[in-house]
Q: 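Supplied in structure tokens, the structure appears directly below.
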Amino acid sequence: MSEKIQAVRGMNDILPDQAHWWERFEDTVRDWLHAYGYRNIRMPVLERTDLFVRSIGEVTDIVEKEMYTFTDIGGDSLTLRPEATAGLLRAAISNGMLRGARLKLWTAGPMFRHEKPQKGRYRQFHQIGAEVLGFGGPEVDAELIAMAHALWQNLGLKDIRLELNSLGQPEERAAHRAALIAHLEQHLDVLDEEAKRRLHSNPLRILDTKNPAMQPVVETAPKLIDFLGEASLAHFNAVRSVLDAAGLPYEVNPRLVRGMDYYNLTVFEWVTTRLGSQGTVCGGGRYDGLIEQLGGKPNPAVGWGLGMERLLLLLEEVGQLPGPAQPDAFAVVFPGVPLPTVMVALEALRAQGVSVVLNPAGKEGPASPKSQFKKADASGARFALVFGPDEVARGEVAIKPLRDGGEQQIRPLVDIAHWAVSLLQR
């Protein structure tokens with residue numbers, strides 16, 4: 001016997017018992033995004049490596065350590081996408097979508113990062129992203145945040161809090177960066193090796209350290225908000241005023257920097273304490289300079305991405321996972337009943353929008369009616385369609401309610417379009 005081929009570490013199968021959670025969750029999110037006027041866009045999972053180096057930042061953890069990059073047969077360096085924003089902007093630029101347009105777009109699909117696999121953090125993970133292109137006002141930032149809050153309420157999630165910060169503009173960050181480096185250089189004996197490596201390449205990321213020994217140094221470090229100019233502060237305060245007016249609570253976290261270099265002005269994360277160290281379930285911010293950085297004309301942009309695995313874990317934690325979709329009816333076919341007659345009838349019902357399950361015969365032949373009725377009950381269907389020999393001989397089917405104790409009905413097989421709707425009533 002050949003050796004079994006195992007799945008790649010950190011890339012998980014989603015089996016039928018879990019896949020229905022994904023389907024119901026995706027349906028909810030899709031309808032919710034459409035209600036806000038967002039349109040779907042789908043991009044390749046494979047892009048040129050330079051796209052991510054240029055957008056995310058050459059000295060970020062993602063580019064330095066986590067990307068799945070290879071040289072293809074034509075000699076091009078390609079990368080499995082580690083996030084969606086860069087690819088979305090590349091698609092918008094290369095397809096001429098930004099010519100005078102203001103766009104609200106959403107995307108969904110797998111992302112890839114070579115990280116240490118752990119609960120809620122996998123090497124292939126799935127994100128849903130919402131991106132707004134061409135709108136520079138703070139009200140758009142606030143709307144994106146409020147949208148996420150509405151989704152949590154729709155899903156019945158309460159233990160998610162909002163953290164908010166402003167990264168200002170590049171020149172303001174440059175002044176803060178110089179002050180931050182000077183501060184950290186005074187505490188070299190406390191910095192760990194990772195912080196020392198980042199000291200001159202990406203010191204802002206040091207503020208996000210989880211090392212307990214470095215917390216006093218980080219707490220006393222210069223705060224970026226103290227370096228913001230009048231315009232940046234006005235933008236940040238305008239975002240906060242909308243959230244305050246909506247009664248949406250938040251915490252200003254001056255250490256919140258996000259993991260990509262492309263952010264400016266507003267950044268935010270929705271976090272929970274229910275998932276251990278993997279507490280961020282949704283995060284994003286404004287990235288006004290990225291479109292120009294990728295070869296497009298200057299255009300403001302803002303967006304966020306939510307992690308589907310983490311949200312589903314959170315829904316499971318609080319007992320809010322959606323149940324599986326249930327069929328409208330289950331066909332119980334007695335021995336000797338001609339299957340072509342049954343199949344034609346079921347296809348006619350499905351054409352009218354009725355979902356019907358037919359229990360196929362096993363190796364030993366058709367299951368007994370008793371066994372089929374048990375399966376019908378377990379399926380969650382509201383009705384059993386009983387194809388008995390007497391009923392079928394008369395050109396009829398018996399409809400037996402399985403949930404509300406109603407009376408069994410007899411319906412003609414030649415008139416399915418007229419009575420099929422009765423199986424859809426809830």
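Everything quoted here is computed from the prediction, not taken from an experiment. Residue numbers start at 1 and run along the sequence shown.
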Q: Is the shortest side-chain N to carboxylate O distance from E317 to K119 below 4.0 Å?
A: no

Q: Would you say the side chains of Y287 and E131 form a donor-acceptor pair under 3.5 Å?
A: yes

Q: Any Lys/Arg nitrogen of D27 or R30 sitting under 4.0 Å from an Asp/Glu carboxylate oxygen of the other?
A: yes

Q: Do W419 and V397 come close enough that some side-chain heavy atom pair is under 4.5 Å?
A: yes

Q: Yes or no on salt bridge (Lys or Arg N to Asp or Glu O under 4.0 Å) for E64 and R197, after CA distance, side-chain angles and deciding distance?
A: CA-CA 12 Å; E64 286 186 326; R197 187 181 67 82; 2.8 Å; yes

Q: Minimum heavy-atom separation for N264 to G168, with atom names?
A: CB-O, 3.4 Å

Q: How about K196: does its NZ atom have over 12 heavy atoms from other parts shown lying under 6.0 Å from it?
A: yes

Q: Working to the nearest 0.5 Å, report the span between CZ of F330 and NZ of K400.
A: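 The CZ atom of F330 sits 14.5 Å away from the NZ atom of K400.
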
Q: Whether the T280 and E269 side chains hold a donor-acceptor pair (N or O, under 3.5 Å, no angle test) is what I'd like checked.
A: yes

Q: Quick check: closest heavy atoms across P327 and S355, and the distance to 0.1 Å?
A: CA-OG, 3.3 Å

Q: If you measure from CD on E47 to CZ on F52, what distance do you get to the nearest 0.5 Å?
A: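 Rounded to the nearest 0.5 Å, the CD-CZ separation comes out at 5.0 Å.
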
Q: Does any N or O in the side chain of N95 come within less than 3.5 Å of the main-chain N or O of A91, such that one atom is a donor and the other an acceptor?
A: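 At least one qualifying donor-acceptor pair exists.
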
Q: Which donor-acceptor pairs under 3.5 Å do the side chains of residues 98-106 make with protein atoms, sequence neighbours left out?
A:
{"residue": "R102", "atom": "NE", "partner": "G134", "partner atom": "O", "Å": "3.4"}
{"residue": "K104", "atom": "NZ", "partner": "E143", "partner atom": "OE1", "Å": "3.2"}

Q: Any side-chain heavy-atom pair from M147 and L144 closer than 4.5 angstrom?
A: yes

Q: Please give me the minimum heavy-atom distance between L88 and M43, naming the atom from each residue.
A: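 Between these two residues, the closest heavy atoms are N-CE, 3.7 Å.
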
Q: Would you compute the distance between atom CG of L151 and atom CH2 of W270 and round it to the nearest 0.5 angstrom?
A: 10.0 Å

Q: Does some side-chain heavy atom of V242 sit less than 4.5 Å from a side-chain heavy atom of I145?
A: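 A side-chain contact is absent here, since even the closest heavy-atom pair is not under 4.5 Å.
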
Q: Check whether any side-chain N or O of S166 sits under 3.5 Å from a backbone N or O of F236 as a donor-acceptor pair, and report yes or no.
A: no

Q: Between E309 and H126, is there a donor-acceptor pair closer than 3.5 Å when you use the side chain of the first and the backbone of the second?
A: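 Yes; at least one donor-acceptor contact below 3.5 Å.
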
Q: Flag the pair Y262 / T85 as yes when at least one side-chain heavy-atom distance between them is below 4.5 Å, and no otherwise.
A: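 Yes, side chains in contact.
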
Q: Would you say that N299 contacts E292 through its side chain, given a criterion of any heavy-atom pair below 4.5 Å between the two side chains?
A: no

Q: Should the ring pair Y36 and W32 be called parallel, tilted or perpendicular, given that the plane angle runs from 0 to 90° and is split at 30 and 60?
A: perpendicular

Q: side-chain contact (heavy atoms from CB on, under 4.5 Å) between F25 and L321: does it pass, once the steps are laid out?
A: CA-CA 9 Å; F25 177 74; L321 276 177; over 6 Å; no

Q: Between L162 and L243, does a side-chain contact (heavy atoms from CB on, under 4.5 Å) hold up when you go through it step by step?
A: CA-CA 11 Å; L162 173 63; L243 301 180; 4.1 Å; yes

Q: Between I128 and A108, what is the shortest heavy-atom contact and its length?
A: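 Nearest heavy atoms, I128 then A108: CG1-CB, 3.8 Å.
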
Q: Strictly distance-based, threshold 3.5 Å: is any side-chain N or O of Q127 a donor or acceptor partner for the main-chain N or O of E83?
A: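 A pair under 3.5 Å: no.
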
Q: Should R255 and E219 count as an ion pair when the cut-off is N to O under 4.0 Å?
A: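 The answer is yes: the pair qualifies as a salt bridge.
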
Q: Identify, with sequence neighbours excluded, every residue that meets salt bridge (charged side-chain N to carboxylate O under 4.0 Å, His left out) alongside E115.
A: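 Residues passing salt bridge (charged side-chain N to carboxylate O under 4.0 Å, His left out) with E115: R121.
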
Q: Once you round to the nearest 0.5 Å, how far does CG of N12 lie from CD of Q18?
A: 10.0 Å

Q: How long is the gap from CD on Q409 to CZ on F383, to the nearest 0.5 Å?
A: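 The distance works out to 8.5 Å.
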
Q: M343 versus L358: any side-chain heavy-atom pair under 4.5 Å?
A: yes

Q: Within the supplied structure, the quantity of interest is the number of heavy atoms (other residues, nucleotides, ligands) at a distance under 6.0 Å from H418 NE2; does it exceed 12?
A: no

Q: Without swapping roles, check the side chain of Q372 against the backbone of N359 for a donor-acceptor pair under 3.5 Å.
A: no

Q: Below 4.5 Å, heavy atoms only, C-beta onward: do L294 and L51 meet side chain to side chain?
A: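 With C-beta onward as the side chain, the pair touches.
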
Q: Step by step, work out the side-chain contact (heavy atoms from CB on, under 4.5 Å) result for Q293 and L290.
A: CA-CA 5 Å; Q293 192 175 323; L290 185 54; 4.1 Å; yes

Q: Should we count CE of M11 as having more than 12 external heavy atoms under 6.0 Å?
A: yes

Q: If the condition is salt bridge (charged side-chain N to carboxylate O under 4.0 Å, His left out), which residues does R48 pass it with, not counting sequence neighbours?
A: D76

Q: Check whether any side-chain N or O of D13 sits under 3.5 Å from a backbone N or O of L15 as a donor-acceptor pair, and report yes or no.
A: no

Q: Quick one: does R123's side chain have a donor or acceptor within less than 3.5 Å of a partner on P117's backbone?
A: no

Q: Hey, is CD on E171 packed in by over 12 heavy atoms from elsewhere, all under 6.0 Å?
A: yes

Q: Going from CD on E172 to CZ on R177, what distance comes out if it is rounded to the nearest 0.5 angstrom?
A: 16.0 Å

Q: Using modelled atom types and a 3.5 Å cut-off, is there a donor and acceptor pairing between side-chain atoms of T107 and backbone atoms of G129?
A: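 Not confirmed, T107 side chain does not pair with G129 backbone.
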
Q: Check for a donor-acceptor pair, side chain of N253 on one end and backbone N or O of L164 on the other, with a separation under 3.5 Å.
A: no

Q: Taking all heavy atoms of A301 and all of D288, pick out the closest pair and write down the distance.
A: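 In this case the closest contact between A301 and D288 is N-OD1, 3.1 Å.
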
Q: Are I181 and H176 packed together at the side-chain level, in the sense that at least one heavy-atom pair is separated by less than 4.5 angstrom?
A: no

Q: Looking only at atom types and distance, does a side-chain atom of R403 sit under 3.5 Å from a main-chain N or O of R382, one as donor and one as acceptor?
A: no

Q: For L424 and D328, run side-chain contact (heavy atoms from CB on, under 4.5 Å): C-alpha distance rounded to whole Å, both residues' side-chain angles, the deciding distance at 0.1 Å, then the answer.
A: CA-CA 7 Å; L424 296 171; D328 296 307; 3.4 Å; yes

Q: I need the minimum non-hydrogen distance between T79 and P82, along with the two atoms involved.
A: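 Where T79 meets P82 most closely, the heavy atoms are CG2-CD, 4.4 Å.
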
Q: Please check if atom NZ in K65 has more than 12 non-hydrogen atoms from other residues, nucleotides or ligands closer than 6.0 Å.
A: yes

